[in-house]
Amino acid sequence: MLNPIDPLLIQSVAELQRWSDGARALGRRIALVPTMGALHEGHAALLRRAYDDCEISVLSIFVNPAQFNDPQDLAKYPRTLDQDLEVARREGVDFVFLPDAPSMYHDGYRYQVTENALSRELCGAHRPGHFDGVLSVVLKLFQLVKPDRAYFGEKDYQQLELVRGMADAFFLDLEIVAVPTVREADGLAISSRNARLSPAERTRAPAFPEILRASPTAAEAEEQLAAFGFDVDYVEDRPNRRFGAVKLGDVRLIDNVRRDVGL
Ligand code: PAF
């Protein structure tokens, strides 16, 4: 899709609120795609759905410090604003919200959203505080943009479930839309982190989803992944879905696959 109009870049919280209130007053439906930038085909799929569903689409780009438990990981997170704005323009985004940390966390992160069950499992067990940071910033973004719909990828399935749970728990008046994982031709889930894999690691990486899908049990998947040289954080089965996280070098990859039988 081609949209010749550049999106409006908004850095100030107050300005974003004014535009959002204005759009709502005109009866326009607002779609929000929250991201941390480094946009790829997975994000483009979310933006396309947003464009198709609502009259106004808002893309937020904010590398959220509160969700990084490892300062190295935060420092290394790719920042590719010029390319991101090109993707935004191509996908017909109306507003790009680019806040800074002091305005998003003017409370000094004293107030947080905490979930006490699912956020402690799977990735949460390996990244303490991560999902509190995600939920806190997502709630702030929902409050600022006041979207009718917000779009999340199934690659981050645990995040998606937690956001859904938060929306339900706090009676948030919006629809959470799940968008299927976008994969490379070799099956690797597209992620901003893939760019940090060395050529040799990139060649090995597709074995991760393949083994997750094919192994009869989670324990066997862990064994096979380790044999392939992956440093395994976890592989766990939940009803109808298998979740995994591995490291290749210092790059952490996560994925999940549907499992309809025997779990
Ligand atoms: O999935 C992400 O990129 C982030 O966790 C999100 C939802 C934008 C919150 O910072």
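Indexing begins at 1, ligand by ligand and atom by atom, following the structure's order.
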(request) Indicate, as side chain, backbone, both or neither, the part of V163 found under 4.0 angstrom from ligand 1 when only non-hydrogen atoms are considered. (result)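 No part of V163 comes within reach of ligand 1.
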(request) State the atoms of ligand 1, each with its element, that fall below the 4.0 Å cut-off from a heavy-atom position in V137. (result)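 Listed by number with element: 9 (C), 10 (O).
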(request) Output the list of atoms in ligand 1 that are nearer than 4.0 Å to some heavy atom of T35, sorted by atom number. (result)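 Checking each atom against T35, I get 8 (C).
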(message) Just to confirm my output: which protein heavy-atom neighbour is closest to atom 5 (O) of ligand 1, and how far is it?
(response)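 For this ligand atom, the closest protein heavy atom is Q159 OE1, 2.7 Å.
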(message) Give me the nearest non-hydrogen protein atom to atom 10 (O) of ligand 1 as residue plus atom name, then the distance to 0.1 Å.
(response)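 Result for atom 10 (O) of ligand 1: Q67 OE1, 2.6 Å.
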(message) With a 6.0 Å cut-off on the ring centroids, do Y234 and F243 count as close?
(response)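 Ring centroids of Y234 and F243 are no less than 6.0 Å from each other.
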(message) Please determine whether salt bridge (Lys or Arg N to Asp or Glu O under 4.0 Å) holds for the pair D53 and R149, giving the CA-CA distance in whole Å, both sets of side-chain angles, and the decisive distance to 0.1 Å.
(response) CA-CA 9 Å; D53 286 356; R149 292 180 173 194; 2.9 Å; yes
(message) Below 30° counts as parallel, above 60° as perpendicular, anything between as tilted: where do the rings of Y77 and F68 land?
(response)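 Answer is perpendicular, since the angle exceeds 60°.
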(request) Taking the side chain as every heavy atom from C-beta outward, state whether Y111 and S136 have any pair of such atoms under 4.5 Å apart. (result)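 Answer no - side chains too far apart.
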(request) Please say which of I254, N256, V134 ends up in a side-chain contact (heavy atoms from CB on, under 4.5 Å) with D156. (result)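 Testing each of I254, N256, V134 against D156, the sole residue satisfying side-chain contact (heavy atoms from CB on, under 4.5 Å) is I254.
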